[in-house]
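Atoms within each ligand, like the ligands themselves, are counted from 1 in listed order.
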Amino acid sequence: MSQIAKAASIGGGVIGGGWVARFLLAGIDVNVYDPHPQAQRLISEVIANAEYAYTMLTSAPLPKRGVLTFCTSLEEAVQDVDWIQESVPERLDLKRSVLAQIDVAADPKALVGSSTSGLMATDLQKDMKRPERMFVAHPFNPVYLLPLVELVGGKQTARAALEDAKARLVTIGMTGLIISKEIDAFVADRLMEALWREALWLIKDDICDTETLDNVIRYSFGLRWAQMGLFETYRVAGGEAGMRDYLSKYGPCLQWPWTKLTNVVDLDTDLVDKVASQSDAQSGQRGIRQLEKIRDQNLVGIMQALKVGDEGRGWGAGKLLADFEARLWRIASKTQMATGDQTLRLLDLKVPAAWIDYNGHMTEYRYTQCFADATEALFQQIGVDMNYVNGGHSYYTVESHIRLLAEAKLGDALYVKAQLLPSDGKTIHSFMSLYRTSDNTLLSTYESMMLHVSSKEKRAVPPLPEIIGKLKPLIEGHSALPVPDAAGRSVGMKPARA
Ligand SMILES: NC(=O)C1=CN([C@@H]2O[C@H](COP(=O)(O)OP(=O)(O)OC[C@H]3O[C@@H](n4cnc5c(N)ncnc54)[C@H](O)[C@@H]3O)[C@@H](O)[C@H]2O)C=CC1
Ligand SMILES: C[N+](C)(C)CC(=O)CC(=O)[O-]
């Protein structure tokens, strides 16, 4: 699959900074050009937010962070990169001249995306000599978490460039939707604009204030939209009679004067003051960075919930996250995971805020999660991936014993090592240890027995030969290691001294 080897971000504000973080955390080196005197500080703050969010988002093995280079000219920034993302302010003249500069200085084969939220690629590419590789790549804030990119070509854009962009976005955990017919503001911003217009009227007409309006969204249809969008939600609302019935029941309301959508509200000083002061009263007690943190934690929670939607298969943005994680595991499993002493280092992670309990340390079930995630990593390494599971085979854990030996605190880096004890592959007997990275303190051990099953026949069966082929050398390699003292322990009290 085609990948992004090295990227450049022209503009490093809210959106440029978000792209930079997305690229870096996917292991891609990034050059940035932004003449703003505070650009380095601002971008560093976005990257810090993104890193914090990713520690909560996933325990999949992220690649080594890419290298960030601040450049003193646009020409320097676009050298030797194969994806250039323009994220300068939303002015046609400025974007056109910046894109023309990029065009002259960059490798002719490099893809050029514009983050514009409404301008047409056809207008943006007019001064370019190689407009065929330029397209709108419209992202969503925060770019490092939200996966969608609307891809829209102009009259001179090559379809192959859009397809190439779509394929490369997968490798950074995003999904490119190609909008085949070019219109200004594309799809998402048209929808958001409709809501925005209506909302401003509701405030101008004193129907409600900003807080009431936000509550209406977040306590009702906002929750629905995050998981099923508009049409699937309405299909469900139509009940058994379905979409046709829903349209016939609620279609006539479209003719009623429910909306002021086509009148554009006059954003005069009075309305600006009203919206701004209501918003200050609603949210002014929290700073922007604090709001961003809350937003990111919530988004992570929603995406994780969606990851196990549809009975564990993943749904919507959660399915995309699961696919991205599977890709990260595949890449990691190709690299050697054996440690110096032959045991397997399966997982590296940082303890996120959501894992801390009222005792101020990592809560009990997250220890189990560390070992469960490490077990997943082992499975990936021996070929037990979703294809194998969908083919009707899997391993089930039938017994486990966990010891909690020391505390893990917020932000601690941890790692899990595993030793495979003698077994035939139909069972896997593993002994795992969780350590704190800074001082190699042993925090927990976990011994488990897993059984290979045919999920169709509902019984234990031997694994397929390709799995045994990968598992056996690991088990044999570990057979020379001393059996850990704690292996085979049962739960019990030490006998009291006489
Ligand atoms: N803020 C948002 O929610 C979203 C914005 N967008 C689009 O992303 C683009 C950027 O918007 P924001 O990041 O919000 O704006 P911003 O104002 O936060 O950042 C723009 C950055 O561009 C820099 N800049 C100005 N002239 C430049 C030049 N000639 N070369 C390099 N850098 C230059 C500025 O110093 C600034 O840091 C716009 O086209 C906007 O429509 C797209 C999706 C969402
Ligand atoms: C406000 N905006 C039109 C620039 C917003 C976007 O384009 C997308 C988003 O993140 O909402």
Problem - Arg65 side chain reached by Leu25 side chain, heavy atoms, under 4.5 Å - result: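 A side-chain contact exists here, since the closest heavy-atom pair is under 4.5 Å.
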Problem - Minimum side-chain heavy-atom gap Lys409-Met362 below 4.5 Å - result: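 When only atoms from C-beta onward are counted, Met362 and Lys409 do not touch, as no gap falls below 4.5 Å.
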To the nearest 0.1 Å, how far is [atom] from its closest protein heavy atom, and which atom is that?
atom                    : result
atom 14 (O) of ligand 1 : Val14 CB, 3.8 Å
atom 10 (C) of ligand 1 : Ser87 O, 3.4 Å
atom 43 (C) of ligand 1 : Pro139 O, 3.3 Å
atom 11 (O) of ligand 2 : Met192 CE, 3.3 Å
atom 26 (N) of ligand 1 : Pro89 CD, 4.0 Å
atom 10 (O) of ligand 2 : Asn141 N, 3.0 Å
atom 3 (O) of ligand 1  : Asn141 CB, 3.9 Å
atom 7 (C) of ligand 1  : Ser115 O, 3.2 Å

Practice task
Mind checking whether His138 contacts ligand 2 via backbone (N, CA, C, O), side chain (CB onward), both or neither, at a 4.0 Å heavy-atom cut-off?
Solution key: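 Looking at His138 and ligand 2, just side chain atoms fall under 4.0 Å.
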Practice task
Determine if the distance from atom 4 (C) of ligand 2 to the closest protein heavy atom is below 4.0 Å.
Solution key: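 So far as the 4.0 Å threshold goes, atom 4 (C) of ligand 2 is in reach of a protein heavy atom.
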Exercise for the section: Measure from atom 41 (O) of ligand 1 to the protein's non-hydrogen atoms and state whether any distance is below 4.0 Å. Expected result: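 At least one protein heavy atom is under 4.0 Å away.
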Problem - Other residues, nucleotides, ligands: >12 heavy atoms within 6.0 Å of Lys350 NZ - result: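 Atom NZ in Lys350 is not packed in, count stays at 12 or less.
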Problem - Enclosure of Arg218 CZ (heavy-atom neighbours >12, cutoff 6.0 Å) - result: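 Enclosed: over 12 neighbouring heavy atoms sit under 6.0 Å from CZ of Arg218.
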Problem - Residue Phe140 vicinity, atoms of ligand 2 by number, heavy atom under 4.0 Å - result: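 Per the distance check, 8 (C), 9 (C), 10 (O).
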Mind checking whether [X] has a heavy atom under 4.0 Å from ligand 1?
X     : answer
Lys95 : yes
Pro35 : yes
Leu74 : no

Practice task
Run down the list Val88, Val143, Val98, Leu94 and name the one with the heavy atom closest to atom 9 (C) of ligand 1.
Solution key: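 Looking at heavy atoms only, Val88 sits closest to atom 9 (C) of ligand 1.
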Exercise for the section: Have a look at Asp189, Ile43, Ile15, Asp34 and point out the one with the heavy atom closest to atom 5 (C) of ligand 1. Expected result: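 Ranked by closest heavy atom to atom 5 (C) of ligand 1, first place is Ile15.
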Exercise for the section: Give a yes or no on whether the ring-centroid distance for Tyr367 and Phe371 is below 6.0 angstrom. Expected result: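 Centroid separation for Tyr367 and Phe371: 6.0 Å or greater.
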Practice task
For ligand 1, find out whether one of its N or O atoms is nearer than 3.5 Å to an N or O atom of Glu86.
Solution key: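 No; every N/O pair is 3.5 Å or more apart.
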Exercise for the section: Tell me whether the guanidinium CZ or amine NZ of Arg345 lies under 6.0 angstrom from the six-membered ring centre of Tyr415 and within 45° of its axis. Expected result: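 Ring-cation test returns yes.
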Verify, without hydrogens or angle tests, whether [X] (side chain) and [Y] (backbone) share a donor-acceptor contact under 3.5 angstrom.
X      : Y      : result
Lys109 : Asp82  : no
Ser73  : Glu76  : yes
Glu90  : Gly118 : yes
Trp201 : Asn263 : yes

Looking at [X], which atoms of ligand 1 are within less than 4.0 Å of one of its heavy atoms?
X      : result
Thr116 : 39 (O)
Gly11  : 22 (O), 31 (C), 32 (N)
Tyr33  : 30 (N), 31 (C), 32 (N)
His138 : 42 (C), 43 (C)
Gly13  : 13 (O), 18 (O), 19 (O), 21 (C), 37 (O)

Exercise for the section: Check the angle between the aromatic planes of Trp83 and Trp19 and answer parallel, tilted or perpendicular using the 30° and 60° thresholds. Expected result: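 Trp83 and Trp19: tilted rings.
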Practice task
Could you label the plane-to-plane angle of the His138 and Phe186 rings as parallel, tilted or perpendicular, counting under 30° as parallel and over 60° as perpendicular?
Solution key: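 Taking Phe186 first and then His138, their aromatic rings sit tilted (interplane angle of 30° to 60°).
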Practice task
Using the side chain to side chain contact (heavy atoms under 4.5 Å, CB included) rule, pick out the option among Leu213, Asp209, Thr212 that qualifies with Ile203.
Solution key: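 Single pass found, and it is Leu213.
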Practice task
Work out whether the distance between some heavy atom of Glu193 and some atom of ligand 2 is less than 4.0 Å.
Solution key: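 No heavy atom of Glu193 comes that close to ligand 2.
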Problem - Tyr33 to Cys71 - nearest heavy-atom pair and separation - result: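 For Tyr33 and Cys71, the tightest heavy-atom pair comes out as CD1-O, 3.6 Å.
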